Amino acid sequence: MDRSARAFWLRSPGLGEIRDAQLPEPAEGEVVVRTLFSGVSRGTETLVFRGGVPESQHASMRAPFQEGDFPGPVKYGYLNVGVVEAGPTDLLGRTVFSLYPHQTRFVVPASAVTPVPETVPASRAVLAGTVETAVNALWDAAPLIGDRITVVGAGMVGASVAALLARFPAARVQLVDANPARAGIAQALGVDFALPADAAGDRDLVVHASATEAGLARSLELLTPEGTVLELSWYGDRKVSLPLGEAFHSRRLVIRSSQVGTVSPARSARRTYADRLAIALDLLADPAFDALITGESSFEELPETMTGLAAAESTEMCHLVRYDATVPLRGAGNGATSPD
């Protein structure tokens with residue numbers, strides 16, 4: 001079997017490159033995966049690309065199959081969809097999702113891949129890691145029927161949370177973002193949209209995902225007394241100032257963090273990481289999630305693509321990386337001969 005591969009590496013902050021790689025001989029219980037698509041989450045991955053991971057967070061920010069160390073050289077990424085070329089018979093030829101970096105082919109334990117349901121196109125399945133974050137966030141937030149809920153920040157994570165909340169019984173959901181162009185995403189997801197200055201107040205729950213100081217401050221302003229802000233943003237090495245004087249204490253407001261690195265304590269006794277990821281993949285049968293994929297390029301273009309995505313003016317959400325130009329973006333199934 002051909003064991004050659006190519007991988008995207010961050011050589012140093014702001015400088016990416018494609019490197020040749022040699023795959024190990026797969027052992028019993030391992031699979032060889034040929035990548036069809038990977039996804040770039042503009043928030044976390046561009047922060048890594050810029051070298052913005054604080055030294056204190058180097059260990060906690062490691063991706064499952066990361067090679068190298070921050071700030072670089074490092075091979076980083078976690079949204080990968082491919083076809084199993086070798087491995088156990090029950091996985092052979094299956095389209096699978098894994099938390100693997102941007103690489104053309106790779107070897108991992110069979111337990112590290114999750115089959116993509118037939119109802120989910122391979123290109124959309126790259127969103128599984130982000131939707132998994134949204135599932136965990138809602139386990140943490142525990143919204144109630146009829147709640148008034150705002151999501152501040154219509155990036156990948158915020159939009160994924162809004163998409164799930166749109167299904168919640170009798171909830172009144174508003175997606176807030178400073179970019180008026182994100183109104184189209186809100187419409188596609190089936191939720192209301194507002195600019196920060198026009199956002200509805202008196203909210204029972206605000207999920208903050210804008211990764212900005214202004215967004216978090218506005219989230220607090222939108223709460224009803226004893227309301228909660230669930231903080232999903234990752235600020236890296238940036239410091240955040242908050243207005244915790246004024247009415248913060250008298251209104252008994254709550255700021256609570258949520259992080260996908262652990263299964264929410266509300267479900268950890270009954271759900272595993274695999275359960276959570278399988279739920280996310282099942283949810284991606286909804287074509288509304290296609291609105292979160294806002295760009296596409298080839299694997300060979302990834303060094304230049306990452307430079308552009310890391311630029312402050314970029315407003316992309318999930319950027320799709322295509323590894324085989326012959327594979328269609330949309331298709332009927334997930335078999336080996338028609339992977340998307």
Side-chain angles (χ1 to χ4, degrees), residues 35-49 61 63-66 76-82 96-102 113-114 116-117 120-141 151-167 173 175 177 182 185-186 188-191 207-211 230-234 236 257-264 273-296 306 309 314-321:
T35 305
L36 299 173
F37 300 99
S38 61
V40 178
S41 173
R42 182 174 177 263
T44 302
E45 287 198 60
T46 58
L47 186 146
V48 170
F49 188 77
M61 277 289 292
F65 295 100
Q66 174 180 321
Y76 190 85
Y78 48 84
L79 302 174
N80 189 298
V81 176
V96 294
F97 175 86
S98 64
L99 297 170
Y100 203 86
H102 309 282
V113 302
T114 302
V116 175
V120 180
S123 55
R124 191 188 305 151
V126 300
L127 297 169
T130 306
V131 175
E132 183 184 8
T133 300
V135 169
N136 204 61
L138 293 187
W139 282 349
D140 279 335
V151 180
V152 175
M156 277 183 67
V157 172
S160 295
V161 171
L164 300 188
L165 287 171
R167 309 157 178 252
V173 182
L175 184 59
D177 198 277
R182 294 281 166 89
I185 291 171
L189 299 179
V191 298
V207 179
H208 179 240
S210 80
L230 189 77
E231 176 59 276
L232 292 180
S233 299
W234 168 243
S257 66
S258 179
Q259 211 272 341
V260 73
T262 57
V263 175
S264 168
Y273 289 98
D275 292 333
R276 191 178 64 184
L277 181 56
I279 291 170
L281 281 164
D282 284 340
L283 289 166
L284 282 167
D286 186 347
F289 283 101
D290 285 336
L292 276 62
I293 298 175
T294 56
E296 176 194 345
M306 286 299 302
L309 292 175
S314 174
T315 58
E316 284 215 42
M317 297 179 69
C318 181
H319 187 93
L320 191 69
V321 181

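These values consider heavy atoms only, across backbone and side chains, with no hydrogens, waters or symmetry-generated copies. Note that this is a predicted model, so its numbers are computed, not measured.
Taking each heavy atom of Ala122 and Leu36 in turn, the nearest pair found is CB-CD1, 4.2 Å. Across Ser123 and Leu320, no two heavy atoms sit closer than the pair O-CD1, 3.6 Å. Closest of all the heavy-atom pairs between Ala211 and Ser233 is N-OG, 2.8 Å. For the pair Ala285 and Val120, the tightest heavy-atom approach, listed with the atom from each and the gap, is N-CG2, 3.6 Å. Across all their heavy atoms, Ala159 and Met317 have their closest contact at CB-CE, 3.6 Å. The shortest non-hydrogen separation linking Phe65 to Pro101 is O-CG, 3.7 Å.
If you take NE2 on His102 and OH on Tyr78, they are separated by 8.5 Å, rounding to the nearest 0.5 Å. Taking CG of Leu232 as the start and NE2 of His208 as the end, the distance is 9.5 Å to the nearest 0.5 Å. Atoms CE and CG, on Met156 and Leu79 in that order, are 5.5 Å from each other to the nearest 0.5 Å. For the atom pair CZ of Phe97 and CG of Leu127, the computed distance is 9.0 Å after rounding to the nearest 0.5 Å. Residue Met306 holds its CE atom at 5.5 Å from CD of Glu45, rounded to the nearest 0.5 Å. Atom OG1 of Thr262 is separated from atom CG of Asp140 by 7.5 Å, given to the nearest 0.5 angstrom.
The backbone N or O of Leu309 sits nowhere less than 3.5 Å from a side-chain atom of Thr46 that would complete a donor-acceptor pair. No donor-acceptor pair closer than 3.5 Å links the side chain of Arg182 to the backbone N or O of Asp177. Under the 3.5 Å distance criterion, the side-chain polar atoms of Tyr273 are matched with a main-chain donor or acceptor of Gly261. Not one N or O on the side chain of Ser38 forms a donor-acceptor pair closer than 3.5 Å with the backbone of Asn80. Distance alone, capped at 3.5 Å, places no donor-acceptor pair between the Arg42 side chain and the His319 backbone. Remark: the backbone N or O of Leu284 is paired with a side-chain donor or acceptor of Arg124 at under 3.5 angstrom.
By the 4.5 Å heavy-atom criterion applied to side chains, Tyr100 and Val113 are not counted as neighbours. Side-chain contact between Val126 and Cys318 is present, with at least one heavy-atom pair separated by less than 4.5 Å. Using a 4.5 Å heavy-atom threshold, the side chains of Ser160 and Leu292 count as touching. For the pair Trp139 and Val135, the minimum side-chain heavy-atom distance is below 4.5 Å. When side chains are defined from C-beta on, Leu165 does not count as touching Val191, because their heavy atoms never get closer than 4.5 Å.
Judged by distance alone, the side chains of Ser264 and Asn136 never bring a donor and an acceptor atom under 3.5 Å apart.
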